[in-house]
Amino acid sequence: MQIPSRGPVVVGVGDPVTDAAAVRLAAREARSRGRVLQVVHAFTGPGDAGWGPARRIASQLVDEAVSTAQRSTPGVDARPHLVDGSPGRLLLRLSRGAVLVVLGGPLVEVVARAWCPVAVARAQRTPSGPVVAAVDASPYAVLALRFAIETAGRRGGTAHAVHVTEPGRESDGERVLDEVTARAGATAVRRRLLIGSAGATLVGVSRRAGLLVLGPRGAHTSARLGTVADEVLRRAAGPAVFVHGVRRPAGFVKPGDEVPVLLPLTHT
């Protein structure tokens, strides 16, 4: 599996209050990667208002998010897009051609099924801690650590690799850390073995991390979203990235894939 390396950073917006942290994180990621930031709102209909007024309100919401991105990260190439459709379905389609999708809320469908890494940022604080990869024996662990190393490098820091194990299984935990860091080719990573319940422990780690990176499911589950990832998604105190990889070349979209072409937002 590979982590996509081409395409825009996509941030989904729908509420100026809850989306502010996501927009700031997305702007930072887009600017540091040299990628376009697509600020996307899925327009689902007028609700109680008429179609025209509702459309104008939605356009203003997107424009405000773009302004937030530009104020927080000067120089970011942020582009507004207003697209008809449901948020989950639209963001899943966009994830096929994106390098990162950023959300301000726990859209489980997107976190579990996206074609690229998905960041969820709800906390209003500005994270200043290290980039931490939570690793286990799943195929996603190497991807998570590589993503953390690359992100930490762009931020001028060193990635941390943590593994949570049960009491009495410390030797197994050290072996997991050895194997994952070796497979990721990680030579400059700070390793740490933690004892306890994986979900609760990682939620605690999220309070001190600038970014927590993990896979969407563990080694022993066939569910769309693993129990540990689900707990982190619901309770993390800081931003978390759920790393997906693709088995085809990064950035490749096969014929027939539904990838919407986004046009610049025009006001009506």
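Just so you know, these numbers use all the heavy atoms, side chains as well, and skip hydrogens, waters and symmetry mates. The structure presented is a predicted model; accordingly, all values stated were derived computationally and were not measured.
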Would you call [X] and [Y] a side-chain contact if the rule is heavy atoms closer than 4.5 Å?
X	Y	value
Val9	Gln38	no
Val40	Leu90	yes
Pro117	Val213	no
Val241	Val118	no
Leu194	Thr165	no
Arg6	Val99	no
Ile195	Glu166	no
Pro4	Trp115	no

Arg175/Asp178 under salt bridge (Lys or Arg N to Asp or Glu O under 4.0 Å): CA gap, chis, key distance, verdict = CA-CA 5 Å; Arg175 187 159 48 249; Asp178 288 341; over 6 Å; no

request  = Begin from the C-alpha positions of Asp84 and Arg55 and carry the test salt bridge (Lys or Arg N to Asp or Glu O under 4.0 Å) through to its verdict.
outcome  = CA-CA 10 Å; Asp84 294 326; Arg55 190 87 175 179; 2.6 Å; yes

request  = Decide whether Val142 and Tyr140 are clustered together by the hydrophobic rule: side chain heavy atoms of Ile, Leu, Val, Met, Phe, Trp, Tyr closer than 4.5 Å, transitively.
outcome  =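 In one cluster: no.
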
message = Starting from Leu202, can I reach Leu145 by hopping between I/L/V/M/F/W/Y residues whose side chains sit under 4.5 Å apart?
response =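 No, no single cluster joins them.
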
For the student: nearest non-hydrogen atoms of [X] and [Y], plus distance:
X	Y	answer
Pro216	Ala229	O-CB, 3.4 Å
Val62	His41	CG2-CB, 3.4 Å
Ala134	Leu212	CB-CD1, 4.4 Å
Val189	Thr158	CA-CG2, 4.3 Å
Ala58	Phe43	CB-CD1, 3.8 Å
Ala114	Ser95	CA-OG, 3.7 Å

request  = For the pair Glu150 and Arg154, evaluate salt bridge (Lys or Arg N to Asp or Glu O under 4.0 Å) and give the outcome as yes or no after the intermediate values.
outcome  = CA-CA 6 Å; Glu150 192 271 337; Arg154 284 188 284 107; 2.7 Å; yes

task = Under the side chain to side chain contact (heavy atoms under 4.5 Å, CB included) rule, what do Glu174 and Arg191 come out as? Steps first, then yes or no, please.
result = CA-CA 9 Å; Glu174 290 290 354; Arg191 299 170 24 154; 3.1 Å; yes

task = Any chance you could lay out the salt bridge (Lys or Arg N to Asp or Glu O under 4.0 Å) test for Arg35 and Glu29, step after step, and finish with the verdict?
result = CA-CA 8 Å; Arg35 314 306 299 181; Glu29 287 295 312; over 6 Å; no

Would you check if the side chain of [X] reaches a backbone N or O of [Y] as a donor-acceptor pair within less than 3.5 Å?
X	Y	answer
Asp230	Gly226	no
Thr151	Ala148	no
Thr18	Gly104	no
His163	Leu193	no
Thr201	Val164	no
Arg208	Gly204	yes
Arg217	Ala112	yes
His244	Val111	yes

ask   = When Val10 is tested against each of Leu94, Leu103, Val102 for side chain to side chain contact (heavy atoms under 4.5 Å, CB included), which residue passes?
value =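 With Val10 as partner, side chain to side chain contact (heavy atoms under 4.5 Å, CB included) holds for just one option, Leu94.
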
